[in-house]
Amino acid sequence: MFTILVADSISKEGLQPLLEMTNAKVIQKKVTDPESYLDEIDALLVRSATKVDEALLDKMPRLKIIARAGVGVDNIDVEAATRKGIVVINAPDGNTISTAEHTFAMMASMMRNIPQAHQTVKNLEWQRNDFIGTELFGKTLGILGMGRIGTELAKRAKAFGMNIHVFDPFLTKDRAGKLGVELCTLDEVLEHADIITVHTPLTAETKGLINEHALSKTKKGVFFLNCARGGIIDEQALAKYIGNGHVAGAALDVFETEPPGENPLLKFDHVIATPHLGASTKEAQLNVASQVSKEVRLFLEEKPVSNSINLPAISKDIYEKIRPFHQMSKQMGSILSQCIKEGIQELSITYSGTVTELETSYLTKATLAGFFKNRIAVNVNEVNALLTAKERGITVGEKISADPFGYANCLTVTAKAEEKSFVIRGTYIDNYGPRIVFLNGFNIDFLPEGNLLYIQHRDRPGVIGRVGKILGDHSINIATMQVGRKEIGGEAIMVLSFDKPLDDHSLALLNQLDDIVSLNRIHL
Ligand SMILES: NC(=O)C1=CN([C@@H]2O[C@H](COP(=O)(O)OP(=O)(O)OC[C@H]3O[C@@H](n4cnc5c(N)ncnc54)[C@H](O)[C@@H]3O)[C@@H](O)[C@H]2O)C=CC1
Ligand SMILES: O=C(O)CCC(=O)C(=O)O
């Protein structure tokens with residue numbers, strides 16, 4: 001049974017895919033509510049009100065996925081979540097139109113003084129001369145950040161006869177041409193635009209993108225809009241430039257601190273504001289809620305998700321092809337980890353045959369996840385596998401080889417420790433399943449599943465019988481047994497599988513047998 005916490009106000013209709021799950025319980029409470037049962041939560045859904053920081057994550061040991069019903073994930077410590085192996089997803093385009101429309105509405109309202117004029121009429125005044133506005137037609141709109149919202153805004157502004165100048169380091173000239181906008185440098189936008197609007201994410205790079213230095217380059221009488229994130233425009237600098245009459249007005253939907261409280265910007269008549277309403281439409285809220293609910297459900301059903309911030313996105317079709325290898329990779333990593341007990345310096349995987357046509361980097365991460373599973377306390381999965389390896393000084397390598405050793409496909413994983421290395425090879429046979437076909441220098445053939453015992457021994461008559469006798473004497477049923485050797489009388493191996501885990505006492509007795517070199521219990 002999964003427990004899902006919906007911590008912010010999210011459209012109930014959009015939550016339907018989660019409410020319909022028979023194996024999930026949905027709790028709608030703030031994270032500060034004692035009845036939110038943080039230590040039992042598997043999935044967390046938020047908007048921007050809940051700050052998902054490391055301290056909160058520490059209280060949620062079972063958490064597997066955080067879903068942001070919206071775009072900006074700046075209220076989530078994605079790095080801490082990644083370290084803990086928690087998938088972070090968002091709803092990247094469910095509120096694009098609403099936010100573009102809100103920005104446009106704010107721009108039109110600001111240029112025609114609508115909020116201020118509205119208030120005077122409500123106050124029974126009739127001041128027609130105080131509210132002379134400015135047309136949008138023929139003006140230059142500077143858009144900083146030409147992503148989804150910037151692009152939708154540009155379309156609407158073009159329809160109003162505006163010239164669009166854009167700064168976005170990731171926008172190509174070709175795409176700018178197709179969108180009918182002029183690609184500029186930041187300075188060019190600052191120098192030429194009549195109205196400047198920001199539509200970037202809030203990152204270390206965009207924090208203070210519009211600071212005093214940038215403001216000093218703008219035209220006198222310029223207008224500003226921020227319907228993206230507080231902090232992209234430095235509030236102190238903006239207040240200074242409105243105060244000295246250089247900036248003619250600003251329209252703000254977002255603030256560095258929300259709610260903004262006694263913010264000096266709100267004292268200016270030429271500043272209009274809304275309380276972070278960009279995405280507040282019925283349509284957007286339904287869109288984002290149902291987008292993330294569907295994704296969380298897919299994730300809990302162990303199906304691939306598309307809108308992850310910290311996990312490589314793979315489509316459902318691709319996942320279906322990769323699924324058998326995905327499971328086998330995890331098992332191979334786990335076997336390796338249980339056979340080579342010491343710390344390793346390097347883990348390399350060679351792919352050959354048909355598997356090379358798939359997203360092998362996903363399999364490499366799964367192998368690492370399997371390897372770390374029983375070694376470290378942190379939940380390691382495809383999200384944090386590479387980071388975990390890096391933090392532990394393990395070099396991870398991936399190679400493609402033309403030689404599949406006679407199989408249709410083959411994965412060979414080598415772990416190198418200081419003094420030894422261990423190699424495991426597996427193949428997936430259609431309509432049959434995964435098989436481990438090579439273990440530490442020996443050809444073998446076993447199913448990587450359940451409770452296994454890997455025995456290295458000398459190839460002498462009677463060893464197999466003595467092993468069987470001890471197990472039989474202790475009522476341990478051998479489900480399967482595979483043997484392999486390099487040469488007659490030389491080193492040999494056995495891999496046995498049992499219906500239940502092998503107990504310590506029987507293991508110790510087996511260890512005392514002549515000709516036994518080493519024993520490894522493997523639990524998959
Ligand atoms: N007010 C509200 O309620 C809402 C606010 N937002 C915010 O709007 C912003 C934009 O959202 P989307 O368009 O959906 O995101 P997006 O990811 O589609 O677009 C962001 C664009 O910013 C560009 N960019 C990144 N760094 C840049 C830099 N240093 N200088 C210039 N451009 C840069 C990127 O190349 C990208 O094209 C985000 O901050 C998001 O959180 C989104 C939805 C609702
Ligand atoms: O949840 C909201 O209403 C805010 C939306 C937003 O800011 C975003 O999607 O980035």
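Atoms within each ligand, like the ligands themselves, are counted from 1 in listed order.
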query: Counting only heavy atoms, which portion of Val288 has something under 4.0 Å from ligand 2: side chain, backbone, both, or neither?
result: neither
message: If the cut-off is 4.0 Å to any non-hydrogen atom of Cys227, which atoms of ligand 1 fall inside it?
response: 1 (N), 2 (C), 4 (C), 5 (C)
- request: Using non-hydrogen atoms of the residue, decide whether Ala279 is closer than 4.0 angstrom to ligand 1.
  value: yes
query: Given Thr96, Thr200, Val166, Asn95, which has its nearest heavy atom closest to atom 24 (N) of ligand 1?
result: Thr200
- prompt: Does the N or O separation between Ser48 and ligand 2 drop below 3.5 Å for any pair?
  reply: no
Per-atom contacts of ligand 1 with Phe170, taking only distances under 4.0 Å to non-hydrogen atoms: 25 (C), 26 (N), 34 (C), 35 (O)
task: Under 4.0 Å from a heavy atom of Glu205: give me the atoms of ligand 1 that qualify, with their elements.
output: 29 (N)
message: Checking a contact table here: which protein heavy atom is nearest atom 12 (P) of ligand 1, and how many Å away?
response: Ile149 CD1, 3.8 Å
query: Taking the non-hydrogen atoms of Asp168, is any one of them nearer than 4.0 angstrom to ligand 1?
result: yes
- prompt: Atoms of ligand 1 less than 4.0 Å from His199 heavy atoms?
  reply: 10 (C), 20 (C), 21 (C), 22 (O)
message: My understanding is that we take every heavy atom of each candidate and find the minimum distance to atom 19 (O) of ligand 1. Doing that for Ser48, Gly70, Ala204, Gly147, which one comes out nearest?
response: Gly147
task: Would you mind checking which non-hydrogen protein atom is closest to atom 7 (O) of ligand 2, with the distance to 0.1 Å?
output: His276 NE2, 2.7 Å
- line: Residue, atom and distance of the protein heavy atom nearest atom 6 (C) of ligand 2 read Arg68 NH2, 3.1 Å
query: Would you call Lys330 and Glu382 a salt bridge, using N to O less than 4.0 angstrom?
result: yes
query: Considering distance alone, does some N or O of Gly70 sit under 3.5 Å from an N or O of ligand 2?
result: no
message: Pairs of nitrogen or oxygen atoms closer than 3.5 Å, one from Arg148 and one from ligand 1: do any exist?
response: yes
- prompt: For atom 1 (O) of ligand 2, which protein heavy atom lies nearest, and how many Å away is it?
  reply: Arg47 NE, 2.8 Å
task: Pick whichever of Pro169, Gly150, Ala284 has a heavy atom sitting closest to atom 31 (C) of ligand 1.
output: Pro169
message: Which of the numbered atoms in ligand 1 are under 4.0 angstrom from any heavy atom belonging to Gly72?
response: 41 (O)
